[in-house]
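A, B, ... follow the sequence lines: proteins, then strands. Residue 1 opens every chain. No hydrogens, no waters, no symmetry mates; every other heavy atom, side chains included, goes into these values.
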Protein chains: 2
Amino acid sequence: MNVDDGIARWRRVADGIRTLAAESDADGGLLPSEAALAERFGVNRHTVRRAIAALAAEGLVHTERGRGTFFRKLPGRLHYPIGTRTRFSENISRQAREPAGRLIQASVEPADARIAAALGLRIGAAVHRMETLHVADGMPLSVSTSWFSVERFPAIVAAYAETGSVSKALEAHGLVDYHRRETRVAAEHVSPADAAHLACPADAIVIVAESLNVDPEGQPMQRSRTRFAADRIELVFAT
Amino acid sequence: MNVDDGIARWRRVADGIRTLAAESDADGGLLPSEAALAERFGVNRHTVRRAIAALAAEGLVHTERGRGTFFRKLPGRLHYPIGTRTRFSENISRQAREPAGRLIQASVEPADARIAAALGLRIGAAVHRMETLHVADGMPLSVSTSWFSVERFPAIVAAYAETGSVSKALEAHGLVDYHRRETRVAAEHVSPADAAHLACPADAIVIVAESLNVDPEGQPMQRSRTRFAADRIELVFAT
DNA sequence: TAGAGTTGTCTATATAACTATACAAGTTGA
DNA sequence: TCAACTTGTATAGTTATATAGACAACTCTA
């Protein structure tokens, strides 16, 4: 606990307590006393108290004077199956009620080299760029940026805004089947804009999944980059 | 830059400069001056200097008095294909020379409920627990914890230590083919122990991939939990 | 009820982090 | 050479972080 790495000790103690709570299987369990935690992490009791205060502000723990500090068992991460036919609504609705997609922002822009190559368009061709937020049971799970050819899907934005679902918006263009060709998974610190949409702390982590959806003829039609709140979801690749 | 979140400002400035460098396509480029960076991030010039000192210690930048600070273009993320027959050595050797696995620690322990269920053993059955480090071209890429049944693979640890490869260690037990049944992907802050092995900063991110390998008869034989340095690798799921 | 164990609060001190200002020393190009 | 830029260094003051100890307030059990 002495490395000069720009991370306050109370924050590392807080992270340590968080994993303590996560690894315990008991629900509503009792944490070790502040004195015990201080000794375990090699810090002063006041530092432990600051860590606990931060966790209490997050809602992870609550303290009762004379009794101790209790942690709440957080709901486990939702499973997000990634396969060849992934649909946000279908996947999540098996685990949570009321999945919903909301349009954050949309614009038409010329395709840069990367988007053009992915969608099989010429550079500069008009593409829709849609920012969408995905929520389940009131909890924001992911923010996604998608690109579609304007020529092929002229009304995709309006259709999405109306239905809250990419599948349904594509159906409105006569495309009833499509599948995922490739998914690349990385992880990064959340951007300030995404943190605001996902309602997560500034040092949170997002899993970044970039994928390409193709129609039954193998023609690419949607390029997307989705940022998942890493503390709320895990991706499951079944084989 | 004013949130009271226990992360030093110089560290966040350092992260900001890191992404500045990553987003630039120029190689060996010149960073903005310390004064300009201080204004951009809303901090004092000395704070910028401390951030730059940290980056210089990492080898990402170097400064020349009177001229400025230059960054080195880091190699892009390696692609780690995840499929039904993923092998570390084979995958990485297509992109980098000299992939190597090194045994960090090994022990025999009784299987807890989770491991027992995954491997199809009874609770308390002896399992090998192996911590391994995977390196390519001198750069640590991942740390992995694996569990094997002691009864079925009595000499797995010695075989791995000798060959540096799980595939070869399993071959030594007569198992020439196996495949990956499921992979769960999450992302977390790196643990202090893993940060030391991966030689990455304390606030770095790891992609956590938990998977189960099964033999040709469908019998689970290896449970593993791999932590990838998220700034060096991305997982690719081709479908 | 008494005592042991818990959290809450207070004061004090030391160190690290950050800011502010000034100037020296080096580089570049007009 | 000179002016305008850059980084390097020094000093000082302020705020945040962490430690140390003492004691009050509260809970539980013997």
Does the side chain of A/Val157 come within less than 4.5 Å of A/Met130's, by heavy atoms?
-> yes

Is it true that A/His62 and A/Phe70 have ring centroids separated by less than 6.0 Å?
-> yes

Provide, to the nearest angstrom, the distance between the CD1 atom belonging to B/Ile7 and the P atom belonging to C/dC18.
-> 12 Å

Would you mind telling me which of D/dT6, C/dT7, D/dA18 lies closest to the side-chain atoms of A/Ser33?
-> C/dT7

So does A/His46 reach the base of C/dT9 with its side chain, donor to acceptor, closer than 3.5 Å?
-> no

Can a side chain N or O of B/Arg67 be found less than 4.0 Å away from OP1 or OP2 on C/dT28?
-> yes

Is the number of heavy atoms from other residues, nucleotides or ligands under 6.0 Å of B/Gln105 CD greater than 12?
-> yes

Starting from C1' on C/dT19, measure out to CZ on B/Arg49 and report it in whole angstrom.
-> 15 Å

Check the distance between C/dC18's C1' and B/Leu37's CG and give it to me in whole angstrom.
-> 17 Å

Name the residue closer to the 5' end of DNA chain D, choosing between B/Ile52 and A/Arg65 according to the nucleotide with the nearest heavy atom.
-> B/Ile52

Is B/Thr63 near enough to D/dG8 that one of its side-chain N or O atoms lies under 4.0 angstrom from OP1 or OP2?
-> yes

Output yes when at least one side-chain N/O atom of A/Thr47 is less than 4.0 Å from OP1 or OP2 of D/dT19, else no.
-> yes

Using a cut-off of less than 4.0 Å, is there contact between a side-chain N or O of A/Thr69 and OP1 or OP2 of C/dT6?
-> no

For A/Trp10 and D/dT19, give me the distance from atom CH2 to atom P, rounded to whole Å.
-> 14 Å

A/Arg45 (side chain) and C/dG8 (base): donor-acceptor pair under 3.5 Å = yes

What nucleotide, of C/dA17, C/dT19, D/dG8, holds the atom closest to the side chain of B/Asn44?
-> C/dT19

So what does B/Arg50 hit on the nucleic acid, given a heavy-atom distance under 4.0 Å: a base, only sugar-phosphate, or nothing?
-> sugar-phosphate

Taking CZ from B/Arg9 and P from C/dA17, how many angstroms apart are they, rounded to a whole number?
-> 13 Å

Could you state the CZ-C1' distance from B/Phe41 to C/dC18, rounded to the nearest angstrom?
-> 16 Å

To the nearest angstrom, how far is B/Glu34 atom CD from D/dA4 atom P?
-> 21 Å

Would one find more than 12 heavy atoms of other residues, nucleotides or ligands at under 6.0 Å from atom CD of B/Glu39?
-> no

What's the CD-P distance between A/Glu39 and D/dA20, to the nearest Å?
-> 13 Å

Does the side chain of A/Thr132 come within less than 4.5 Å of A/Val143's, by heavy atoms?
-> no

